[in-house]
Peer 1: 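So that we are looking at the same thing, I have put the structure below in structure tokens.
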There are 2 protein chains.
Amino acid sequence: MPSQSRPPLHSELIYQTALELIQSQGLEKLSMRLLASKLGVDPMAIYHHIPNKAALLNGLYNNILEELFLLPIPDDAPWQTQLKNLVDNFRALALRYPSIFPSLLSSSTVLYNKQKALNLLLGVVRKTGLPDQAVVQASDAVFALVTGFIFLELGGLEAAKVHTGTEFLSTQSNPDFGHIEDLAQVLQSNQFKASFDFGFDAIVQGLEAMLKSAQ
Amino acid sequence: MPSQSRPPLHSELIYQTALELIQSQGLEKLSMRLLASKLGVDPMAIYHHIPNKAALLNGLYNNILEELFLLPIPDDAPWQTQLKNLVDNFRALALRYPSIFPSLLSSSTVLYNKQKALNLLLGVVRKTGLPDQAVVQASDAVFALVTGFIFLELGGLEAAKVHTGTEFLSTQSNPDFGHIEDLAQVLQSNQFKASFDFGFDAIVQGLEAMLKSAQ
DNA sequence: ACCTGAACACCGTTCAAGT
DNA sequence: ACCTGAACACCGTTCAAGT
């Protein structure tokens, strides 16, 4: 008779609880059994609402990406601004869900909302008026840069360690890490935002140069 | 008495067998128990040579990255060429180990050889003579771009599907994917190499512009 | 020194049964 | 219609025992 003290199970509640579990305990801790116990339910009850764990994760991925479409991009602004807005929104979304975003990006299942996001990106880059080939190349490059930085940044403390590399430098100087030692001060400051902007601006300027030479 | 028909277990043999298993069956199929059975050994025998599964994976990651240091980069070439060589070597390495490289890149454990690779990259970018801040930003950007493209490309067939997006376009036109439809021809050709070169050249030109304005 | 086997504490998922 | 519980086929890892 626990059913009288508990609201009926619905997939919304399952998704929400799963996301809380992931954000608080980490993705690797998510199991159908632990999730069920957090819901106060038999492990198998979940399977009446969601077919399996893979579907649960895909649902979570789509839900998260959904938020990207709620953030407006000014339609009258120049394409440079729109593009910057879009990638900043994407980065912000990643930082809001740090324990699930890397696996969302790595996931090779085709997500409806991943497609929709790609479509959004292509739409903005098309506003340059450049030929299709250039549009696709630039979109790919922007997407790769953004996702690469998300992985870099969400490595989090670990990424910071990779950067400073103090573990392997403890006692004496190691020629394998000479440059890391020399640049330690700058590396330790971890200015990913500045590095990202450097890469983004380079790509935008590349596009502008193409526009100029096409005139 | 199977021991007489089998060479004694050594960590090299374990690593090699694990890598074969991953390359043929996929990373998700790697288990200590399956690995042991492939080695013709009790599951627990492995633990006498390698402390646990995480250590096994880290060992594999380091072994793979080791190959990067075998590929020579011409020390007398201009930095642009050296940088291109380095990133091409890295991409080639990723393509040689497609089923393990994404997890190598996602791994937040600090790998000795990941540091060494970063050091290599920093060393080449320093040859520009630009200030430390710029060197670190450009290195970050190049690293993000390269890793982002590796994820894009190693999504493999799945990535191709995301690109073409045919699953969601089957019957009628969907406004969510209008740009994908329009650009389907170019997207389907999947010219990641060209897209990567576009991004890479943009960053190199960004660095060259900084050099010019510093003169 | 090296390998084995039972055991522990977990997984995801199926299926027949209960209410 | 919805939930339960036993069961199956797996995991990684510990530990005492064997050779």
Side-chain angles (χ1 to χ4, degrees), chain A residues 1-62 99-100 103-104 106-109, chain B residues 1-62 99-100 103-104 106-109:
Chain A
M1 59 203 63
S3 41
Q4 65 187 154
S5 64
R6 180 173 43 71
L9 209 49
H10 278 318
S11 53
E12 255 100 315
L13 184 61
I14 297 174
Y15 282 128
Q16 184 195 312
T17 310
L19 187 57
E20 282 166 14
L21 205 158
I22 290 168
Q23 300 255 57
S24 66
Q25 316 249 67
L27 181 61
E28 66 288 348
K29 283 283 171 189
L30 175 70
S31 76
M32 299 302 268
R33 295 170 115 108
L34 183 61
L35 178 56
S37 92
K38 246 207 152 187
L39 286 162
V41 119
D42 184 276
M44 300 316 123
I46 296 168
Y47 286 86
H48 282 273
H49 301 89
I50 292 164
N52 52 42
K53 194 183 181 179
L56 173 65
L57 283 173
N58 273 327
L60 285 173
Y61 296 157
N62 271 325
S99 13
I100 196 173
S103 88
L104 182 163
S106 318
S107 154
S108 55
T109 58
Chain B
M1 61 203 60
S3 41
Q4 64 189 155
S5 65
R6 179 174 44 72
L9 209 48
H10 279 317
S11 53
E12 253 99 316
L13 184 61
I14 297 174
Y15 283 127
Q16 186 196 310
T17 311
L19 187 57
E20 282 165 14
L21 205 157
I22 291 168
Q23 301 254 60
S24 67
Q25 315 248 68
L27 181 60
E28 66 288 348
K29 282 283 171 192
L30 174 71
S31 75
M32 299 302 268
R33 294 170 116 108
L34 183 61
L35 178 56
S37 92
K38 246 208 152 186
L39 286 161
V41 116
D42 184 276
M44 301 314 122
I46 296 169
Y47 286 86
H48 281 274
H49 301 90
I50 290 165
N52 51 45
K53 194 182 180 181
L56 174 66
L57 282 172
N58 272 326
L60 284 173
Y61 296 156
N62 271 323
S99 14
I100 194 173
S103 87
L104 183 162
S106 317
S107 153
S108 55
T109 57

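Numbers restart at 1 for each chain; the letters A, B, ... are given by sequence-line order, proteins then strands. All of these numbers come straight from a predicted model, not from anything done at the bench.
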Peer 1: To the nearest Å, give me how far apart CG (B/Leu35) and C1' (D/dT13) are.
Peer 2: 15 Å
Peer 1: Using the test side chain to side chain donor-acceptor pair (under 3.5 Å), find all partners of A/Tyr15 that sit at least two apart in sequence or belong to another chain.
Peer 2: none
Peer 1: How long is the span from the CD1 atom in B/Ile22 to the OG atom in B/Ser103, to the nearest 0.5 Å?
Peer 2: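 Here the interatomic distance stands at 7.5 Å.
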Peer 1: In whole angstrom, what separates B/Leu34's CG from D/dC10's P?
Peer 2: 10 Å
Peer 1: Take a 6.0 Å sphere around CD of B/Glu12 and say whether it holds more than 12 heavy atoms from other residues, nucleotides or ligands.
Peer 2: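 Open.
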Peer 1: Testing A/Asn62, A/Leu104, A/Leu27 for side chain to side chain contact (heavy atoms under 4.5 Å, CB included) with A/Leu57, which one passes?
Peer 2: A/Leu27
Peer 1: Checking A/Ser106 now: which residues fulfil side-chain contact (heavy atoms from CB on, under 4.5 Å) with it, not counting sequence neighbours?
Peer 2: A/Phe151, B/Ser106, B/Phe151
Peer 1: Which residues in residues 46-58 of chain B have at least one heavy atom lying under 4.0 Å from any atom of DNA chain C?
Peer 2: B/His48, B/His49
Peer 1: So what is the 5' to 3' dot-bracket string for DNA chain D, if pairs are Watson-Crick or G-U wobble with both distances under 3.5 Å, crossing pairs use [ ] and | means the partner sits on another strand?
Peer 2: ||.|||||...|||||.||
Peer 1: What interatomic distance, in whole Å, is found between C1' of D/dA9 and the corresponding atom of C/dC10?
Peer 2: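 Result for the C1' pair: 13 Å, nearest Å.
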Peer 1: For nucleotides 7-9 of chain C, list the nitrogen or oxygen atoms of the protein found under 3.5 Å from its nitrogen or oxygen atoms, one pair per line.
Peer 2:
none

Peer 1: Grab the CG-P distance between A/Leu39 and D/dC2 for me, whole Å please.
Peer 2: 16 Å
Peer 1: Please report the shortest heavy-atom distance between B/Glu28 and B/Gln25, naming the atom on each side.
Peer 2: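 Closest approach of B/Glu28 to B/Gln25: OE2-O, 3.8 Å.
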Peer 1: Where along residues 18-29 of chain B does a heavy atom fall under 4.0 Å from DNA chain C?
Peer 2: none
Peer 1: What residues, two or more places apart in sequence or in another chain, satisfy side chain to side chain donor-acceptor pair (under 3.5 Å) together with B/Glu20?
Peer 2: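 B/Glu20: side chain to side chain donor-acceptor pair (under 3.5 Å) contacts with B/Gln16.
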Peer 1: Going by the rule side chain to side chain donor-acceptor pair (under 3.5 Å), which residues pair with B/Ser11 if we only count those two or more places apart in sequence or in a different chain?
Peer 2: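 B/Ser11 satisfies side chain to side chain donor-acceptor pair (under 3.5 Å) with no residue once adjacent residues are dropped.
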Peer 1: 5'-most contact on DNA chain D: A/His10 or B/Met32, nearest heavy atom basis?
Peer 2: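 It is A/His10 whose nearest nucleotide is closer to the 5' end.
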Peer 1: In whole Å, I'd like the distance from the CG atom of B/Asp42 to the P atom of D/dT14.
Peer 2: 15 Å
Peer 1: Would you say the side chains of A/Thr109 and A/Tyr61 form a donor-acceptor pair under 3.5 Å?
Peer 2: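 No donor-acceptor contact under 3.5 Å links the two side chains.
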Peer 1: Quantified in whole Å, what is the C1' atom distance between nucleotide C/dC3 and nucleotide D/dC15?
Peer 2: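 It works out to 14 Å between them.
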Peer 1: What residues form a side-chain contact (heavy atoms from CB on, under 4.5 Å) with A/Ser31, not counting sequence neighbours?
Peer 2: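 Partners of A/Ser31 under the side-chain contact (heavy atoms from CB on, under 4.5 Å) test: A/Arg33, A/Leu34.
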Peer 1: Rounded to the nearest 0.5 Å, what's the gap from CG on B/Leu56 to CD1 on B/Ile14? Could you check?
Peer 2: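 Separation between the atoms: 7.5 Å.
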Peer 1: Which residues pass the side-chain contact (heavy atoms from CB on, under 4.5 Å) test with B/Tyr47, not counting sequence neighbours?
Peer 2: B/Met32, B/Met44, B/Asn52
Peer 1: Suppose we screen for side-chain contact (heavy atoms from CB on, under 4.5 Å). Which residues come up paired with B/Thr17, at least two apart in sequence or across chains?
Peer 2: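 B/Thr17 satisfies side-chain contact (heavy atoms from CB on, under 4.5 Å) with B/Leu13, B/Leu35, B/Lys38, B/Leu39 only.
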